[in-house]
Amino acid sequence: EILARLMSGSRALEDVVRQRGRSCLKFERVLGEGQFGTVNRAIVTGAPALHQHVAVKQLKDNAEAKHKQDFLSEAELLKPLKHDNVIRAIALFPQTAGAPACLVLEYLEYGDLRNLLRKCLALTDRGRDRFNQSRKSDFPGPLNPLGEAPLSAICALNFPHDVMPWVRLTEPEFRFILSQVAEGMAYLSSVHRLVHRDLATRNCLVGRGLNIKIADFGLSRELVDDKDYYRVQSKGKLPIRTMAIESIFYRTWTTESDIWSMGVLAWEVFTYGDTPYKAVPLDQLVTFLETGKRLARPPDCPMEIFEVLQGTWNATPSSRPSFEKIAEVCKRNLNVRD
Ligand code: ACK
């Protein structure tokens, strides 16, 4: 019933935005700066209360032609995507004489995953105590098999954004985050044959109940028919630290190179948003990887999962585990209640 209400709520929101156009968007505050321009939070006036916020990505007035094209292609790519773990596009308003092009996205209240993880780590002991107390009192229930906080405590992340206290994530919570990313990626790669090319915690968003959604499709490309790789000629800025070894070498991107990035993303999650290969300068990273060196196991990462991560960093792309396999391993011991 809740699901049906949410679904009809989000459909109603889309209808309002599409029918009433830009005029129903009331901008509230800047959420951040993206590659192409700004992301703002806006209220949709006249939408059902449950779903009134949206995120609006706007192109800079003076954006270069290439960025304009990337912006529009991101909007195009997002249109047909429908999955719980992939950001949903609500509408695209083209550029007019008086207003820039803007892409209306669903709003996720906890922002990007890397920020959230770093915040989890940074906050004070007092915050942690307060959080742990509220977690016990608000979410009573059986302890999970690890004897830690109840799994429903995932919902405790519903703290207001600015008072999120320090919290050490439990193993089921780590597993829950990663299985969602892997399922979103399995959908993108298997159903839509999409290569993301920039999968990282900074490009995932977090919503209520620790719901993770893959976002930032600025670099994504559709694989064309029988070609199973995408090659770029141009040298833009590249996310070297999360890139697969063959992408660094040959500038080719495949589902398998996204799988490598998924492994790095998992490492980022287990280290609460640390920088991969922090001690290795960028110009030495290729040599580092070429000599077979890889990221070390973070203390919070279970051995079973680390073995999968090591597989994602196999120098032979076809030997890497599939997103489906990664999701399956992460979901073990994850008895999420309905
Ligand atoms: O951590 P953040 O607040 O979450 O900072 C970044 C910033 O905008 C630049 O990307 C935030 N952001 C982007 N898209 C959304 C969205 N759909 N919902 C909520 N926040 C968003 C992101």
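Residues: numbered from 1 along the sequence shown. As the structure lists them, so they are numbered: ligands from 1, and atoms in each ligand from 1.
- Taking only non-hydrogen atoms, the option from Cys204, Gly111, Gly32 nearest to atom 7 (C) of ligand 1 is Gly32.
- Residue-to-ligand polar distances keep Leu105 apart from ligand 1: every N/O pair is separated by 3.5 Å or more.
- Checking only distances, Glu33 never comes within under 3.5 Å of ligand 1, N or O to N or O.
- Within ligand 1, counting atoms from 1 as listed, the ones closer than 4.0 Å to a heavy atom of Tyr107 are 18 (N), 19 (C).
- In terms of polar-atom proximity, Asp216 is not counted as a contact of ligand 1, lacking any N or O under 3.5 Å from an N or O of the ligand.
- Counting atoms of ligand 1 from 1 in the listed order, those under 4.0 Å from a heavy atom of Ala55 are 15 (C), 16 (C), 17 (N), 18 (N).
- Without hydrogens or angle criteria, Tyr277 side chain to Thr242 main chain gives no donor-acceptor distance under 3.5 Å.
- When non-hydrogen atoms are compared, ligand 1 lies under 4.0 Å from the backbone of Glu106 (N, CA, C, O) but not from its side chain.
- The main-chain N or O of Leu210 is found under 3.5 Å from a side-chain atom of Gln180 such that the two form a donor-acceptor pair.
- Counting only residues at least two apart or in different chains, side-chain hydrogen bond (donor to acceptor under 3.5 Å, both in side chains) contacts with residues 299-316 comprise Arg168-Asp300, Arg175-Glu304, Glu304-Arg332.
- Taking a cutoff of 4.0 Å between a charged side-chain nitrogen and a carboxylate oxygen, Arg320 and Glu246 qualify as a salt bridge.
- A salt bridge links Arg41 and Glu28; the closest N-O separation between the charged side-chain nitrogens and carboxylate oxygens is under 4.0 Å.
- In this structure, Lys57 falls outside the shell of residues with a heavy atom less than 4.0 angstrom from ligand 1.
- Side-chain N or O atoms of Ser247 include none that pairs as donor or acceptor with a backbone N or O of Met243 at under 3.5 Å.
- Counting only distance, with no hydrogens or angles, the side chain of His196 and the backbone of Asp198 share a donor-acceptor pair below 3.5 Å.
- Ile43 and Val17 are assigned to two separate hydrophobic clusters, defined by single-linkage of ILVMFWY side chains at heavy-atom distances under 4.5 Å.
- In Asn115, the part holding a heavy atom less than 4.0 Å from any atom of ligand 1 is the side chain.
- Which parts of ligand 1 touch Ile87 is read off a 4.0 Å heavy-atom cut-off, strictly below it: atoms 17 (N).
- The side chain of Val39, and not its backbone, has at least one atom closer than 4.0 Å to an atom of ligand 1 (non-hydrogen atoms only; side chain from C-beta on).
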